[in-house]
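See structure below.
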Amino acid sequence: GIASTLAQRGKRVATLNIEDGMPVPEELFQLKDTPVVFVQRDVETLVKRREARLLELRLKNINGVLAPDYADLDKVRRDIAAVDALAKKHAEWIGPIDVTWTSESDSTSSILGRIVDLKLRQQQQS
């Protein structure tokens, strides 16, 4: 995925799923010199990815790991809204960047470009 592609380019990356009603780890708000980047897909694509994930788990007899409404359209919309709200609250972070229709390498290039832009703006402000 995108995180692996960034890691191959020498970037240290952590991923976090943001869900409506779930607390965001406090450590995320304590990052000062590390950019936080939101990536997002459109609702229909995200529903399909989640349905595929549920099917994969069922085929492996792994049950109960994800919430029953994990791939529900309304749940996915609420999760996307939670990401948007968090991004608006933290304008110093990057995104959300829509990666629905871009390749992993194009998404990675976009993310890296936005990080460079952020660092340039920060240097100009100091």
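Here the shortest heavy-atom pairing between Pro35 and Ile94 reads CB-CD1, 4.3 Å. Shown here for Gly95 and Ala87, the closest heavy-atom pair between the two residues is O-CB, 3.9 Å.
Residues Leu118 and Leu112 are members of one and the same hydrophobic cluster, defined by side-chain heavy-atom contacts under 4.5 angstrom among Ile, Leu, Val, Met, Phe, Trp and Tyr. In the hydrophobic clustering of ILVMFWY residues, with side-chain heavy atoms under 4.5 Å counting as a link, Ile62 and Tyr70 come out together. Grouping the Ile, Leu, Val, Met, Phe, Trp and Tyr side chains by contacts below 4.5 angstrom, directly or via other members, places Trp93 with Val24. Cluster membership for Val65 and Leu54, using ILVMFWY side-chain heavy atoms within less than 4.5 angstrom, is shared. Leu73 is connected to Ile80 through a chain of hydrophobic side-chain contacts under 4.5 Å among Ile, Leu, Val, Met, Phe, Trp and Tyr, so both are in one cluster.
With hydrogens and angles disregarded, a donor-acceptor distance shorter than 3.5 Å links the side chain of Thr100 to the backbone of Asp42. Put simply, the side chain of Thr45 never gets that close to the backbone of Arg41: no donor and acceptor are under 3.5 Å apart. No side-chain donor-acceptor contact under 3.5 Å links Ser110 to the backbone of Asp106.
The line from CG of Leu46 to CD of Glu51 is 10.5 Å long, rounded to the nearest 0.5 Å. Separating the CD1 atom in Ile111 from the OG1 atom in Thr102 is a distance of 8.0 Å, to the nearest 0.5 Å. In this structure, CD in Glu27 is found 6.0 Å from CD in Gln30, a value given to the nearest 0.5 Å.
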Determine all donor-acceptor pairs shorter than 3.5 Å in which one atom belongs to a side chain in residues 1-21; sequence neighbours excluded.
{"unit_1": "Thr5", "atom_1": "OG1", "unit_2": "Gly1", "atom_2": "O", "d": "3.1"}
{"unit_1": "Glu19", "atom_1": "OE1", "unit_2": "Lys75", "atom_2": "NZ", "d": "2.9"}

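Under a 4.0 Å N-O distance rule, the pair Arg50/Asp69 does not qualify as a salt bridge.
With respect to Gln40, the side chain to side chain donor-acceptor pair (under 3.5 Å) criterion is satisfied by exactly one of Asp84, Asp79, Asp98: Asp84.
Relative ring orientation between His90 and Phe29 is described as tilted, the plane-to-plane angle lying within the 30° to 60° band.
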>> Walk me through whether Glu44 and Lys48 qualify under salt bridge (Lys or Arg N to Asp or Glu O under 4.0 Å).
In response: CA-CA 6 Å; Glu44 293 85 11; Lys48 288 178 185 174; over 6 Å; no

>> For a side-chain contact (heavy atoms from CB on, under 4.5 Å) check, start with the C-alpha distance between Leu57 and Asn63, then their side-chain angles and the critical distance, and finish with the verdict.
In response: CA-CA 7 Å; Leu57 290 172; Asn63 300 306; over 6 Å; no

